[in-house]
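Here is the naming used below: chain letters follow the sequence lines, and residue numbers restart at 1 for every chain.
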Amino acid sequence: MLKRTHTCGQLRPDDIGKKIILSGWVHNWRDHGNIYFLDLRDRYGITQLVIDAEKTPDIHKQVQKIRCEWVVAVEGTVRKRGEENPKLPTGSIEILVEKIEVLNEAATPPFELADAGKISEELRLKYRYLDLRRPQMQSRLETRHRITKIARDYYNELGFWEIETPMLAKSTPEGARDFLVPCRLFKNTFYALPQSPQLFKQILMMSGTDKYFQIVRCFRDEDPRADRQAEFTQIDVEASFVDTNDIISIHEKLIAKFWKEILDIEIPLPIRRMGYKEAVDNYGIDRPDLRFDMKLKDVSDIAKNSTFKVFKTVIEKGGVVRGICCPSRLGGPGGSQILTRNYIEKDLTAFVADYGAKGIVWLKVSDEGGKLSCTGSVAKFFDAAQLEQIAKRFDAKNGDTLLFIADTLKNANKALAPLRCRLGKDVKLYGEGRFEFVWITDFPLFEWNEEENRCDSTHHPFTAPIEADLAKLDTDPLSITSQAYDIVVNGSEIGGGSIRIHRPEIQQKIFDLLKITRQQAQDRFGFFLRALDYGTPPHGGIALGLDRMIMILTGTDNIRDVIAFPKTQKGQCLMTEAPSSVDQKQLDELNLMLKPEK
RNA sequence: GGGGCCGUAGCUCAAUUGGCUAGAGCAUCGGACUGUCGAUCCGAAGGUUGAGGGUUCGAGCCCCUUCGGCCUCGCCA
């Protein structure tokens, strides 16, 4: 076998005259009769080969039968090209082939790799090895590698140890649905694949490892989305004797490093922080997209005095009227009209209906000689002073559109937050390539679970309350602030963590409030509660969503684009055809019996 | 569990209100050509319209069932 001396992305004009060997896949070929061009591709790039019938008639004959994706090695001389190809880094040179060796033939590919046109994802997933050969996919894999490499180096510098935790773990029915793995040696018992190494990393702190990290696979058996797979990767971190500021400061530097190394973008540090309440009040959600302003405002106080029945009824029932103010024109004043009546009453109304909103009420702002007012089908239910007051509340300008949703506070926010994001995008309120980071802090420790009539952890049951609120555990748990923090960029949560509870009695109180009985706590977390008893240092940590970060860094909105071998929305791997049925013998060994379908 | 979009040649798509032998570009195969780089030109082959059933004189198109892909609500401590 000819052994390569260079790669297909390497040769430059300085190499002209050198005798070299290249190996790779045939990317494309152009047969001009007596002259024959062949593009050779490997991970590093593409290099043009030339075969001249007059100089090397044997090779010219041999190359006629070579096709796309055949694997070949060639020996030849680097020379200057007649006309350069500015699209390729190697575009100034070519290889005059003196010897060619076919290392492997290839079946005709089911789709064309050369043209980066759209190929159905189904096909790409089935022939993933072909899809991954495409330069764009290679680049995504490389970005992923570089990020994990940067992270490993960074944590190593700071004294963190990379420690593996079990993949075969104990099932905890809280949280997401577990993937179960039957255990052969203890009949009728199951392992669960970890939803996260949460308890293990805390126990590592109890074990005195002080600083831990892991780039770790996590499993949650819930329906996938464009940015969610059942199987995903976290950069998981925990440290002892730290507070919120320690974790935040370590990680905003790391995130800044990611953005600098991959996109050459400087993130100004420190990243701003915003309290949970401020985020929800102004943006309706705890992961606000801060690339544009457009804050939500409450107009319940004005609406309740109007004669508009829809508003009045909602408010009487304890609901709110909240809204946003949006420029009606694309890219701001002067752009073309976008918030047309049709767009609002059809597109946007259908959009918010997905989030449970019954409808959108809208008003158009007019400014007549400094006197603000509003027009629209519901304007008649308000007097002039009220309309002016509403316009002023939004600091609205002539031509702006005000959009309102009347519902419970929670439901109104649930619809308005995505509506705000959609409008920001549709009306082009921000440019491409902008990244607005924010740490969200001061989360409530609990949320009220109406159906179960108890508290639910906002974050998870191991999150510590702030010291000042400890006393409220017995009196007013819903008003307790937690020591949790999320890192958000452009409305996407890319990580979150907390300072953990390190005192057993507080951990027990939390379980009590979550209405987890002592018995249940022992069954599920007994090992953990026991470990807490043996001298647990104060500790805290964070987990960064690796897949989501790579998505943002590579500019794709599809998580499957950043995972080498992803699964479809039904959890299948189209390449291997997992999941699949198993032999009766395997079931017997596990003491399992299948129920008939349906 | 619910809602939406989609499925036609190897690939990407087209086919008027249901109407003649289901078309095009690329790929494939054959031929031509000494400078292309998404080569070009000439020609050929390529179809159970995802599957099954129904309505009709006639179905790619309408109806029902089903399979698959994507988006989404719920779900994701």
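Comparing the C1' positions of B:A44 and B:C37 gives a spacing of 27 Å, expressed to the nearest Å. Rounded to whole Å, the C1' atom of B:C6 lies 13 Å from the corresponding atom of B:C13. For the C1' atoms, the distance linking B:C64 with B:G23 amounts to 30 Å, nearest Å. Using P as the reference atom, B:U28 and B:G38 are 16 Å apart when rounded to the nearest Å. For the C1' atoms, the distance from B:C26 to B:C70 is 24 Å, rounded to whole Å. Rounded to a whole angstrom, the distance from the C1' atom of B:G69 to that of B:U12 is 16 Å. Nucleotides B:U21 and B:U49 place their C1' atoms 16 Å apart, quoted to the nearest Å. When the C1' atom is used for both B:A59 and B:G43, the distance is 34 Å, rounded to whole Å.
No donor-acceptor pair closer than 3.5 Å links the side chain of A:Asp42 to the backbone N or O of A:Thr7. Looking only at distances, a side-chain donor or acceptor of A:Arg67 sits under 3.5 Å from a matching main-chain atom of A:Gln64. For A:Ser139 (side chain) and A:Pro135 (main-chain N/O), no donor-acceptor pair under 3.5 Å exists by modelled atom type. Here the side chain of A:Arg420 pairs no donor or acceptor atom with the backbone of A:Leu296 at under 3.5 angstrom.
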So if I define the base as every atom that isn't primed, P, OP1 or OP2, how would nucleotides 72-77 of chain B read as a B/S/- string at a heavy-atom cutoff under 4.0 Å?
BBBBBB
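Residues A:Tyr276 and A:Thr481 are not in side-chain contact: their nearest non-hydrogen atoms beyond the backbone lie 4.5 Å or more apart.
Note on A:Ser120: a side-chain N or O is less than 4.0 Å away from OP1 or OP2 of B:U12. For A:Thr568 and B:G69, the shortest distance from a side-chain N or O to OP1 or OP2 is below 4.0 Å. When the side-chain nitrogen and oxygen atoms of A:Lys118 are compared with OP1 and OP2 of B:C11, none of them lie within a distance under 4.0 Å. Between A:Arg30 and B:A39 there is a side-chain N or O to OP1 or OP2 distance below 4.0 Å.
Using the Watson-Crick or G-U wobble rule with both distances under 3.5 Å, B:G74 pairs with nothing in any strand shown. With a cut-off of 3.5 Å on both Watson-Crick or G-U wobble distances, the partner of B:U12 is given as B:A24. Both distances falling under 3.5 Å, in either a Watson-Crick or a G-U wobble arrangement, place B:C5 opposite B:G69.
Under the side chain to side chain donor-acceptor pair (under 3.5 Å) criterion, A:Glu69 pairs with A:Arg41, A:Arg133, not counting sequence neighbours.
Between the base of B:U36 and the side chain of A:Glu83 there is no donor-acceptor pair shorter than 3.5 Å. At a cut-off of 3.5 angstrom, counting only N and O atoms as typed in the model, there is no donor on one side facing an acceptor on the other between the side-chain of A:Asn34 and the base of B:C33.
We find that CZ of A:Phe351 is positioned 12 Å from C1' of B:C71, with the value rounded to whole Å. The nearest whole Å value for the distance from the CD1 atom in A:Ile51 to the P atom in B:C33 is 18 Å. Between the C1' atom of B:U36 and the NE2 atom of A:His32 lies a distance of 4 Å, rounded to the nearest Å. The separation between A:Asp31 atom CG and B:G38 atom C1' is 16 Å, rounded to whole Å. The separation between A:Trp29 atom CH2 and B:A39 atom P is 10 Å, rounded to whole Å. For the pair A:His27 NE2 and B:A27 P, the computed distance is 13 Å after rounding to whole Å. Whole-Å rounding puts the A:Asp39 CG to B:U36 C1' distance at 9 Å. For the pair A:Asp561 CG and B:C70 P, the interatomic distance rounds to 12 Å; values are reported in whole Å.
When ring centroids are compared, A:Phe525 and A:Phe462 come within the 6.0 Å threshold. Remark: aromatic rings of A:Phe219 and A:Phe232 are distant, center separation not under 6.0 Å.
Within 4.0 Å (heavy atoms only), A:Arg124 reaches no atom of the nucleic acid at all. Within 4.0 Å of A:Glu493, counting heavy atoms only, lies no atom of the nucleic acid at all. Contacts of A:Asn558 with the nucleic acid, taken as non-hydrogen atoms under 4.0 Å apart, are absent. When heavy atoms are screened at a 4.0 angstrom cut-off, A:Ile46 is found touching no nucleic acid atom at all. At a threshold of 4.0 angstrom between heavy atoms, the contacts of A:Glu94 include nucleobase atoms, whether or not backbone atoms are also involved.
Comparing B:C37, B:U34, B:C29 by their nearest atom to the side chain of A:Arg81 picks out B:C37. The side chain of A:Arg560 has B:C70 as its nearest neighbour among B:C70, B:C29, B:G68. Side chain of A:Glu112, nearest nucleotide from B:G35, B:G10, B:C70: B:G10. Of the listed nucleotides (B:G30, B:U36, B:G69), B:G30 has the atom at the smallest distance from the side chain of A:Arg67. Listed candidates were B:U36, B:U12, B:G69. Nearest to the side chain of A:Glu122 is B:G69.
Screening residues 494-504 of chain A for salt bridge (Lys or Arg N to Asp or Glu O under 4.0 Å) gives A:Glu238-A:Arg500, A:Arg503-A:Glu505 as the qualifying pairs, with residues at least two apart or on separate chains.
Both thresholds, 5.5 Å between centres and 30° between ring planes, are not jointly met by A:Phe111 relative to the base of B:C11, so the two rings are not stacked.
The side-chain contact (heavy atoms from CB on, under 4.5 Å) with A:Ile20 is formed by just one residue from the set A:Val74, A:Thr47, A:Val78, A:Asp15; it is A:Val78.
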